[in-house]
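What follows is a short report on a single structure.
Order of the sequence lines fixes the chain letters, A, B, ..., with proteins taken first and strands second; residue numbering starts at 1 for each chain.
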Amino acid sequence: MRHYIKISLLFAGILILSAQTPSTREYQLKAVFILNFTQFVEWPPNSFSSPQAPLVIGVLGKDPFGNYLEEVLSNEKINGHALVAHRYKSMEDIEKDCHVLYINLSESGKNEKIITNLKGVSILTVSDNPDFLKQGGMIRFYTKDNKIQLQINPEAAKSANLTISSKLLRLAEVITPKLKSK
Amino acid sequence: MKTVRFKYTPAMDQQHIYCRFSTFLLLMLLSLSLLPLSVKGQEDSLYQPSYLKKMSLEELMTIEVTSVSKKPEKLSEVASAIQVITQEDIRRSGATSIPEALRLAPNLQVAQLNSNAWIISARGFNAAFSNKLLVMIDGRTVYSPLFAGVFWDVQNVLLEDVERIEVISGPGGTLWGANAVNGIINIITKNTKDTKGLYASVAAGNFLKDFAALRFGGQIDSTFTYRVYIQQQDFNRTTLYPSGNDNNDAWGYTLGGFRTDWKPTATNSLMVQGNLYDGMQKTIPEKSPMSGQNALARWTHDFSERSSLSLQGYFDRTYRRDVPSTITDQLETYDLDLQHRFALGKHQNIVWGAGYRYMHDKTKNSTLFVGFVPPDRDMNLYSGFIQDEISAFNNHIKFTIGSKIQYYTFSDFSLQPSARLAWTPNIQHTVWAACSRAIRAPSRIDVDYNLPTYEVPPGFPNVNGGPNFVSEKVIAYEIGYRVQPVNNLLLSLAMFYNQYDDLYSVEALPGTLTFEIQNGTEGYSNGIEFYGRYEAFKTWKLRGGYTYFFKELRNKPNRTYDFAALGNDPEHQFLLQSILDLPANFQLDVTARYTSSRPNPYIIDYFTFDARLAYVFKQLEFSIVGQNLWQERHTEIGTTYIPQKFYAKLTCRF
């Protein structure tokens, strides 16, 4: 019985510790990946309201990055555009001047709706969702052998007037989903 | 069997030291919970934005997401007491065989009986005929239907090519094959695409007499990879307890084989492997030979991310002539398994499967004193299972329900249902609970055992196998908690309560001296299994655990069997493995373990540790290993002294 008590004490201690845990290492890495994407993707000039307008990285749904995304983006500039992070609770909150959108919604059904809504808008969509590219998304993170890898659907990016550099495509698995009849 | 309850040994003087050690180890475990706070800053410095931002995309893609061994992903394992031994854990422990590697799972009870025999069980029932474990090597079942236990001396693989060993304590749920009553050991070797190149290693020492291994792996084209290997190992003898006289158990074997992996398209893969071994134990008056050959093929087809089909077949032949026990056994096994997984709507995954195994077993008794009657048996095992994995509340709740159905030559149809529930409030925490029923089907030693093998006149004592022996049964209740509070720490706690019925007994038929094998024992067990993995720094990893076990058996009404023979289990067990990279390419690794005393017959508790010092120079690795270093010799389960072992090893990997 003594051991039961000791073990439960041990676990109580760990629970308290874990409450303070910030974003996980996985999302710290992903935040840096997203920063890198901005260097390998070309947005049409009209997607910025002015040459000084910031490049907006949006996080839709639950935020897995915590403060880390801000830390990564601080003091970074791409072609004169400062990088900023915005958080969106729901689809309706997405601003017109968003450039990269990380979608973190548990219901993949909603993804499809979001992507349909964003049709023609020059937003680089990124997600972890396994069906993301099939639904028309552009970049998907997946984990292989405990390492983060990329899948890219260049067709989807093209139709949003985004140019993804071949440097980035070379590192990713290029996926071209069959066109759906609808 | 005579029962020695208490025997004085010189080692007993050290007993109070051992007791202090158990407290010491517990304190170490407790202090681990505080370490993350103090070193967290250091650990995270690697993940400072400024550091990562300097990296190219290529470099980012090579960074490991989790440093501690990955949490189980298969749903069937989420809600179970799974512990994983990785390739690195094995290599850095200095283990020379699968049983030694299994010591690294604190939820297993591993006892070395003599040079070539090991007693391994999960959740107790540690005895010479431990029989409630399912052991698989790359999907091939290796427990023997002769006694439903495992001949550990012939379960050898090239340890370098082992990817990981999954150890699940508790009933295997629905997915796993027969005999998964108290645990499953799943030894998984690497895909051949990960073993390209040459590996050569030689070692020699006082117990591991000589060891040589050679493996070559390559690829024919980008879809087809292969490896071939050969390994030879000889082990010294042990000494007898308590006399200290030499034991006649020195042994050795040669093992060789191949594996190919072919992935012609993205959705199809075919794995084929074959292994053969030949060994010899230096028993008296004659040597005891053993040999075996096996071949396995598995084809997997992915229909989609959530749907796949896998078909596996294997052949396995084992032969051993055991001179001391006067029994020769040759077993041929043919096995075919099908597994199909598919999604039913958004929230359900169905897995179902069917299997058939045919076993042809031939025994020969060199005396009439003891043996199997009839000597030969054909056995058929039909099995099927279906399981539904249901997820709800945004995957925070996962519920698995299913059942295995089995028909075996020695038992009728049996249902083995299980229900498992996992709650994952966030990525760091999993709370799970499970309830399952499992059976240990009768084996030949329960049904066909005879002493002597001829009819005796009335009034003469004899032992007969049980014509009415039925499966042993367990209902297991488990709860567990798994947490990864920070990236470099994984902790897991499992508690169980097992209720057993129809356990083995041997009793005289009323009014005669004819003893018959029956199901006259029942009882329960409970325990706690704690397991942790912690990467303190990139250069220092710790893993270990603690297992508490308690069991109480009783005779059914009017039965008189001495059930002590069913398991002589230690109450407490600790393990701590430290893997440390030193500057200048040195490695220093220590694995310490403690096993408390065993009650009946009384066996003193022991603490001991293994240490490994290695130096890596380019493709060469030179290591010296000492095993069981705490004292000159110790007993683990009673009949022999296990000595201190030393060896030196040279390995090259090209």
At their closest point, which heavy atom of [X] faces which heavy atom of [Y], and how far apart are they?
X: B:Met61; Y: A:Lys147; result: O-CB, 3.4 Å
X: A:Glu71; Y: B:Lys53; result: O-NZ, 3.9 Å
X: B:Glu58; Y: A:Leu171; result: CG-CD2, 3.4 Å

Would you say [atom1] of [X] has more than 12 non-hydrogen atoms from neighbouring residues, nucleotides or ligands within 6.0 angstrom?
X: B:His347; atom1: NE2; value: no
X: B:Phe393; atom1: CZ; value: no
X: A:Glu42; atom1: CD; value: no
X: A:Asn117; atom1: CG; value: yes
X: A:Asn79; atom1: CG; value: no

For each of A:Lys30, A:Lys167, A:Gln149, tally heavy-atom pairs with chain B at distances under 4.5 Å, and name the one with the top tally.
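The candidate making the most pairs under 4.5 Å is A:Gln149.
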Measure the spacing between CG of B:Leu57 and CZ of A:Phe37 and express it to the nearest 0.5 Å.
7.0 Å
Looking at NZ of A:Lys134 and OG of B:Ser304, how far apart are the two atoms once the value is rounded to the nearest 0.5 Å?
6.5 Å
Within the 4.5 Å heavy-atom criterion, are B:Leu60 and A:Ile148 side-chain neighbours or not?
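Heavy-atom side-chain distance check fails, nothing below 4.5 Å.
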Does any non-hydrogen side-chain atom of B:Leu52 lie less than 4.5 Å from one of A:Tyr68?
yes
Does any backbone or side-chain atom of A:Glu76 lie under 4.5 Å from a heavy atom of chain B? Answer side chain, backbone, both or neither.
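Just the side chain, heavy atoms under 4.5 Å.
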